[in-house]
There are 2 protein chains.
Amino acid sequence: MDAVDRLLASTRELLWERGYVGTSPKAIQQRSGVGQGSMYHHFAGKSDLALAAIAQSGAELRVSAATLLNKPGSARGRITAYLQREREVLKGCPIGRLTQDPDVLADETLRRPVDETLGWVRGRLAEILAEGKESGEFAADLDPIAVAATLLAVLQGGYVLARAANSTEPYEQAIKGALSLLR
Amino acid sequence: MDAVDRLLASTRELLWERGYVGTSPKAIQQRSGVGQGSMYHHFAGKSDLALAAIAQSGAELRVSAATLLNKPGSARGRITAYLQREREVLKGCPIGRLTQDPDVLADETLRRPVDETLGWVRGRLAEILAEGKESGEFAADLDPIAVAATLLAVLQGGYVLARAANSTEPYEQAIKGALSLLR
DNA sequence: GTCTATAACGGGATAGAC
DNA sequence: GTCTATCCCGTTATAGAC
């Protein structure tokens with residue numbers, strides 16, 4: 001793993017753990033083992049590093065969501081699998097957490113990959129809900145766009161409740177409740 | 001408004017806007033117009049100020065939730081009113097946002113009021129869902145604890161989606177979807 | 001490409017005068 | 001109670017040598 005890869009890996013970890021405001025270039029250097037000069041040779045600065053790291057995390061999130069959501073099977077089955085997939089609940093969502101970072105939201109360049117990633121998941125969920133509606137799995141009056149937003153919000157909000165409680169329990173309840181309502 | 005009140009008001013605003021990590025004692029002093037010495041006379045330091053501010057915000061959130069949830073009326077009506085009440089969506093939840101702050105979660109003293117506030121709302125929603133189940137408004141197999149977690153997660157996650165998109169639209173869709181599923 | 005030196009500024013507080 | 005001075009350390013770079 002070269003310097004660039006180690007810098008990106010460390011930046012992604014730190015953004016996940018501490019957010020953008022809570023992450024310093026020095027901390028990135030220490031965690032990655034890459035020196036000051038080397039870091040500024042490869043990246044223009046903190047925001048440049050963060051942009052590359054967020055783009056990578058967003059791409060990875062889409063791939064792993066697509067893997068589950070594109071599988072063959074019923075719409076309900078795929079959505080259930082996606083909602084119930086194993087997650088590091090107490091760590092939260094590496095993309096969603098960035099929405100609490102004022103400096104990320106204030107910078108269109110940094111916010112865009114966050115928006116695109118969550119927007120993509122919402123869209124993909126809506127497509128599957130529409131398929132399930134078509135095939136008669138879901139009620140004819142189900143609104144795919146609205147319910148897709150609801151389901152992704154349950155995930156993102158589930159992280160919030162779990163972190164507040166320092167327990168995965170509320171997250172699991174929230175998922176369980178959402179799946180029961182979808183019946 | 002005396003110095004203490006102005007310090008607390010400013011701290012609450014800054015915690016809401018920038019989180020704990022993003023809020024400095026100096027910023028609090030400048031926004032409140034209270035001097036350095038005065039601040040450290042009334043509060044032991046940043047975490048002490050934050051604790052008092054979080055407790056106040058949590059108490060206020062409970063009061064405003066209770067106001068809507070305790071009104072007379074059907075269970076469904078009260079829950080709908082709570083979910084649809086006007087909110088500063090793009091600012092997010094002043095309590096929920098603190099769950100993204102590593103220094104808040106790492107300190108039991110600071111995390112407790114966050115946990116208690118969100119836990120209280122979950123509990124109150126569960127009580128109302130149970131009442132509605134009793135009265136036949138909701139299906140007999142509805143799980144009040146799980147669905148209460150789902151509804152609060154939709155709110156908290158709705159903020160996340162809205163801030164990512166820099167638009168209240170996904171928040172409104174998430175609420176709409178949740179209410180439609182509750183039917 | 002990577003290293004060390006330097007720098008201007010902010011964070012988070014303590015000390016003691018008034 | 002409030003003010004100013006002081007302190008040490010971290011942040012976020014830039015400069016230039018190797």
Side-chain angles (χ1 to χ4, degrees), chain A residues 1-56 97-98 100-111, chain B residues 1-56 97-98 100-111:
Chain A
M1 207 154 82
D2 66 7
V4 168
D5 290 338
R6 278 182 292 139
L7 284 167
L8 284 178
S10 300
T11 303
R12 289 175 59 186
E13 287 171 19
L14 283 163
L15 286 179
W16 195 0
E17 292 168 17
R18 306 200 40 85
Y20 184 82
V21 170
T23 295
S24 71
K26 176 172 291 187
I28 294 170
Q29 291 153 29
Q30 285 168 346
R31 183 169 299 209
S32 63
V34 171
Q36 179 98 330
S38 186
M39 191 194 100
Y40 281 103
H41 173 74
H42 292 292
F43 294 94
K46 176 175 168 173
S47 67
D48 187 34
L49 250 170
L51 176 59
I54 295 171
Q56 240 186 37
R97 78 102 57 231
L98 297 170
Q100 301 308 321
D101 244 302
D103 294 359
V104 169
L105 294 205
D107 182 338
E108 280 297 298
T109 310
L110 292 178
R111 188 181 60 79
Chain B
M1 207 155 79
D2 67 6
V4 168
D5 290 338
R6 278 182 293 139
L7 284 167
L8 284 178
S10 300
T11 303
R12 289 175 59 185
E13 288 171 18
L14 283 163
L15 287 180
W16 195 359
E17 293 168 17
R18 305 199 41 83
Y20 184 81
V21 169
T23 296
S24 70
K26 178 171 290 189
I28 295 170
Q29 291 153 31
Q30 285 168 347
R31 184 171 298 209
S32 64
V34 172
Q36 178 101 328
S38 186
M39 191 194 100
Y40 280 103
H41 173 76
H42 292 292
F43 294 93
K46 176 175 169 173
S47 66
D48 187 36
L49 251 169
L51 177 58
I54 294 170
Q56 240 187 37
R97 77 104 56 231
L98 298 170
Q100 300 309 320
D101 244 303
D103 294 359
V104 169
L105 294 205
D107 183 337
E108 280 298 299
T109 310
L110 292 178
R111 187 180 60 79

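Of the options A/Thr109, A/Leu105, A/Asp103, A/Val104, a side-chain contact (heavy atoms from CB on, under 4.5 Å) to A/Asp107 is made by A/Thr109 and by none of the others.
Atom CZ in A/Arg6 sits about 8 Å away from atom P in C/dT2, given to the nearest Å. In this structure, the CZ atom of A/Phe43 is 13 Å from the P atom of C/dG1, given to the nearest Å. The distance between atom NE2 of B/His41 and atom P of C/dC18, rounded to the nearest whole Å, is 19 Å. When rounded to the nearest whole Å, the span between CD of B/Gln29 and P of C/dA13 equals 10 Å. Nucleotide C/dG12 holds its P atom 9 Å from the CG atom of B/Asp103, rounded to whole Å. Rounded to an integer number of Å, the gap from CD of B/Gln30 to P of C/dG11 is 8 Å. Atom CG of B/Leu7 and atom C1' of C/dG12 are 15 Å apart (whole Å). At whole-Å resolution of the value, CE in B/Met39 and P in C/dG11 are 12 Å apart.
We find the CZ-CG distance between A/Arg31 and A/Leu7 to be 12.5 Å, quoted to the nearest 0.5 Å.
Distance from the side chain of A/Ser24 is smallest to D/dT12 among D/dT2, D/dT12, C/dG1. The A/Gln36 side chain lies nearest to D/dT14 when the options are D/dT14, C/dT14, C/dT2. If you check D/dT12, D/dT2, C/dG1 against the side chain of A/Tyr40, the one that comes closest is D/dT12. The side chain of A/Lys46 lies closest to D/dT12, out of C/dA13, D/dT12, C/dT2.
Using a 4.0 Å heavy-atom cutoff across all strands shown, A/Lys26 reaches at least one base atom of the nucleic acid. Residue B/Thr23 is in sugar-phosphate contact alone, with no base atom involved, counting any heavy-atom pair closer than 4.0 Å across all strands shown. Among the atoms of the strands shown, only primed sugar atoms or phosphate atoms (P, OP1, OP2) are found under 4.0 Å from some heavy atom of A/Gly35.
Taking only side-chain nitrogens and oxygens, B/His42 comes nearer than 4.0 Å to OP1 or OP2 of D/dT2.
Side chains of B/Phe43 and B/Leu8 form a contact here, defined as non-hydrogen atoms less than 4.5 Å apart. Side-chain atoms of A/Val34 and A/His42, non-hydrogen and from C-beta on, never get closer than 4.5 Å to each other.
The nearest pair of heavy atoms linking B/Arg6 to B/Ser32 is NH1-O, 3.0 Å.
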